[in-house]
Each structure stands twice: as structure tokens, then as C-alpha cells.
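Worksheet: one structure, shown below.
Because the structure is predicted, anything quoted here is derived from the model rather than measured. Residue numbers count from 1 along this sequence.
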Amino acid sequence: MGSSYIESYKDLYHGTTENAASQIVATQTFIPSNNGWCGQGVYFYNVKSKAWWSANRTCRSERDKGNLKARPDIVIADTIPLSRSAILDLRSPDDLKKFADFVDEFLSEEDFDISEDINEDEQIKLKRALLLSFYCEEKDLKLVVGYFKQQPQEKVDATRQFADSWQLAIGIETIYCAKDPSIVHNIRRKGGNYHEQKI
């Protein structure tokens with residue numbers, strides 16, 4: 001990857017609560033999450049409806065903890081221009097191969113168990129997060145981008161055969177993880193009543 005190639009991303013959506021959104025915009029700062037497919041970082045979608053889904057999920061979690069006034073909201077942000085060498089884009093075959101080679105070499109020396117109390121699927125997710133975090137730290141990567149299959153949904157599953165027959169992608173989402181929150185800027189909230197949206 002040539003370091004002379006510059007990339008930046010605009011209008012990335014982050015779902016959260018109204019109170020958190022106000023604080024994020026006021027301070028122009030995100031507090032990284034410890035959980036997620038890439039480990040610690042700030043997570044974004046490039047589709048507003050997915051960020052809204054994430055905001056609703058966050059609010060449900062807050063209400064379960066007793067914060068009954070939690071309401072969903074969306075924060076929009078851009079990244080600063082980044083050298084291509086500072087980005088791990090797992091949609092790119094070259095980037096994916098470099099990460100795969102790193103994982104193969106790392107695990108050939110010593111595999112590791114996370115916990116006996118979780119199933120194999122959760123083990124894989126946790127290992128992925130740990131290895132991605134370690135790889136990003138070793139390579140000084142600031143942003144990770146990846147494709148993911150959506151959770152099974154009735155609407156998606158009902159049209160999968162049609163989409164496949166016309167070679168249309170379905171049930172795939174792009175998620176961005178800013179491993180370094182300082183690369184995120186121009187943090188804002190746009191007008192419009194998000195509260196009426198139901199995902």
C-alpha cells in the first residue's frame with residue numbers, strides 16, 4: 001500500500017442516545033467503545049438506517065439499566081484525510097491477505113482460548129477483535145473498514161433468492177471502526193426528527 005494515496009470518508013453515522021449525542025457534538029470527542037467486531041474503537045455505518053438501528057439498540061440497553069428516559073439519536077462525522085497505509089480495508093483482497101498472513105503466523109506459534117463459558121461463535125468473534133486490535137497497534141492503523149453479513153431478518157431472507165438470481169448483493173453492511181478517535185472530525189447532528197423512524 002503506497003503511503004502517498006490519501007483517503008477520507010464523509011457522512012459516517014453513529015447511533016447513540018440523545019444525551020450522548022449532545023455531549024459528543026459539544027466536545028467534538030468520541031469515547032471509544034470497548035466492544036465491537038474490531039475491539040476498542042468508535043463505530044460508524046455509512047447508512048443512516050443502520051445507525052438508527054444501533055441507536056435503538058443502545059437505548060434499549062440503557063432502559064434495561066434503569067435509564068427510562070433514554071432516547072435514540074444519530075451523530076454524523078467525517079474522517080480527516082488519511083494515508084492509505086493507515087487504513088485496514090478488509091474489503092480489499094490485498095489488505096485481507098496481509099491480515100490473514102499475520103493471523104496464520106500468530107496462531108501457528110500459539111493459539112489461545114478466551115473462555116470456556118462461551119460458545120464457539122463467540123470465541124471466534126472475541127479472537128477476531130483481539131487479533132484486529134493487536135494487528136492495528138503493530139501496524140499503526142487508524143481506521144478499519146469491513147463488510148459484514150446482517151443478522152437474519154425476515155424481509156432480507158424472503159428476497160434472498162430473487163437477489164441471488166439477479167446477482168444483487170443483499171444483507172451486507174459496511175462498518176467502520178476508528179481505532180484512533182482523533183481521526184474523526186466535523187462531528188454534527190443534522191435536522192430532522194429521527195424519533196419517528198422505526199427500524
Side-chain angles (χ1 to χ4, degrees), residues 1 7-9 12-17 20-21 23-24 27-47 50-51 53-62 65 74-80 82-151 172-185 187:
M1 290 184 290
E7 183 64 273
S8 60
Y9 297 89
L12 298 178
Y13 300 100
H14 176 82
T16 187
T17 64
Q23 187 172 3
I24 290 166
T27 61
Q28 289 292 292
T29 304
F30 281 95
I31 298 172
S33 167
N34 287 319
N35 300 317
W37 67 271
C38 192
Q40 188 176 61
V42 183
Y43 288 86
F44 298 92
Y45 293 96
N46 59 358
V47 176
K50 286 302 302 184
W53 169 84
S54 177
N56 276 303
R57 184 180 62 175
T58 299
C59 283
R60 281 195 298 272
S61 176
E62 284 294 305
K65 296 174 186 174
I74 293 173
V75 174
I76 304 133
D78 307 328
T79 69
I80 62 173
L82 294 168
S83 164
R84 180 62 180 86
S85 61
I87 302 169
L88 174 60
D89 191 339
L90 295 170
R91 303 168 300 178
S92 158
D94 287 343
D95 283 18
L96 185 59
K97 184 177 186 318
K98 287 177 182 176
F99 179 57
D101 290 345
F102 167 83
V103 170
D104 287 343
E105 183 179 349
F106 185 87
L107 293 183
S108 69
E109 295 174 5
E110 182 178 1
D111 198 354
F112 59 99
D113 289 324
I114 304 293
S115 170
E116 295 180 2
D117 297 330
I118 59 176
N119 62 38
E120 186 178 349
D121 188 50
E122 290 301 314
Q123 285 262 3
I124 290 171
K125 289 178 182 178
L126 286 171
K127 284 184 180 181
R128 179 184 65 198
L130 287 170
L131 288 166
L132 276 167
S133 290
F134 184 55
Y135 183 71
C136 289
E137 193 174 322
E138 288 285 300
K139 305 295 182 183
D140 196 27
L141 298 167
K142 309 292 186 186
L143 178 70
V144 186
V145 187
Y147 279 144
F148 285 88
K149 292 180 182 178
Q150 293 180 352
Q151 298 288 339
I172 297 172
E173 60 194 21
T174 306
I175 306 178
Y176 302 76
C177 176
K179 299 298 284 182
D180 179 354
S182 70
I183 69 169
V184 182
H185 78 130
I187 304 167

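Residues Ile24 and Thr29 have side chains not in contact (no heavy-atom distance under 4.5 Å, counting atoms from C-beta outward). Between Thr58 and Thr17 the shortest side-chain heavy-atom distance falls below 4.5 Å. By the 4.5 Å heavy-atom criterion applied to side chains, Thr27 and Ile187 are not counted as neighbours. Taking the side chain as every heavy atom from C-beta outward, Ile175 and Tyr45 approach each other to under 4.5 Å. In this structure, the side chains of Phe148 and Ile172 stay at 4.5 Å or more apart for every pair of heavy atoms. Here the side chains of Arg128 and Trp37 are in contact, with some heavy-atom distance below 4.5 Å. For the pair Cys136/Val144, a side-chain contact is recorded, criterion being any heavy-atom separation below 4.5 Å from C-beta on. Residues Ile183 and Leu82 have side chains in contact (heavy-atom distance under 4.5 Å, counting atoms from C-beta outward).
Rounding to the nearest 0.5 Å places SG of Cys38 at 11.0 Å from CG of Leu130. To the nearest 0.5 Å, atom CG of residue Leu90 and atom CG of residue Leu96 are 6.0 Å apart. For the atom pair OG of Ser83 and NZ of Lys142, the computed distance is 11.0 Å after rounding to the nearest 0.5 Å. The CD1 atom of Ile76 sits 7.0 Å away from the CD1 atom of Ile74 when rounded to the nearest 0.5 Å. Distance check: Asn56 CG to Ser61 OG gives 12.5 Å after rounding to the nearest 0.5 Å. Between atom CG of residue Leu12 and atom CG of residue Asp78 there is a gap of 7.0 Å, rounded to the nearest 0.5 Å.
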Give the intermediate values and the outcome of side chain to side chain contact (heavy atoms under 4.5 Å, CB included) for residues Lys179 and Cys177. CA-CA 6 Å; Lys179 299 298 284 182; Cys177 176; 3.6 Å; yes
What do the steps show when you test Phe106 against Phe134 for side chain to side chain contact (heavy atoms under 4.5 Å, CB included), and what is the final call? CA-CA 11 Å; Phe106 185 87; Phe134 184 55; 3.7 Å; yes
Between Glu173 and Lys50, does a side chain to side chain contact (heavy atoms under 4.5 Å, CB included) hold up when you go through it step by step? CA-CA 8 Å; Glu173 60 194 21; Lys50 286 302 302 184; 2.8 Å; yes
Check the pair Thr16 / Val75 against side chain to side chain contact (heavy atoms under 4.5 Å, CB included), numbers first and verdict last. CA-CA 8 Å; Thr16 187; Val75 174; 4.1 Å; yes
Show your reasoning for whether ring pair (Phe, Tyr, Trp, His ring centres under 6.0 Å) applies to Tyr176 and Tyr43. CA-CA 6 Å; Tyr176 302 76; Tyr43 288 86; over 10 Å; no
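For Ala129 against Gly39, the heavy-atom pair with the smallest separation is CB-N, 3.6 Å. Residues His185 and Ile80 come closest through the heavy atom pair CD2-N, 3.7 Å. When every heavy atom of Gly15 is checked against every heavy atom of Ser54, the shortest pair comes out as O-OG, 4.1 Å. In terms of heavy-atom proximity, Phe102 sits nearest to Leu131 at CE2-O, 4.0 Å.
For an aromatic pair to be called close, the ring centres must be under 6.0 Å apart, and His14 with Phe30 satisfies this. If you look at Tyr13 and Phe44, their ring centroids are not closer than 6.0 Å.
Judged by distance alone, the side chains of Asp180 and Ser182 do bring a donor and an acceptor atom under 3.5 Å apart. Side-chain polar atoms of Lys139 and Ser85 form no donor-acceptor pair below 3.5 angstrom.
Within a 6.0 Å sphere centred on CD1 of Ile31, heavy atoms belonging to other residues, nucleotides or ligands number 12 at most. For CD of Gln23, the number of neighbouring non-hydrogen atoms (other residues, nucleotides, ligands) closer than 6.0 Å is 12 at most.
Between Glu7 and Arg84, none of the side-chain N atoms (NZ, or NE/NH1/NH2) sits under 4.0 Å from a carboxylate O, so this pair counts as no salt bridge. The residues Lys98 and Asp94 are annotated as not salt-bridged, no charged nitrogen and carboxylate oxygen being separated by less than 4.0 angstrom.
With hydrogens and angles disregarded, a donor-acceptor distance shorter than 3.5 Å links the side chain of Thr79 to the backbone of Tyr9.
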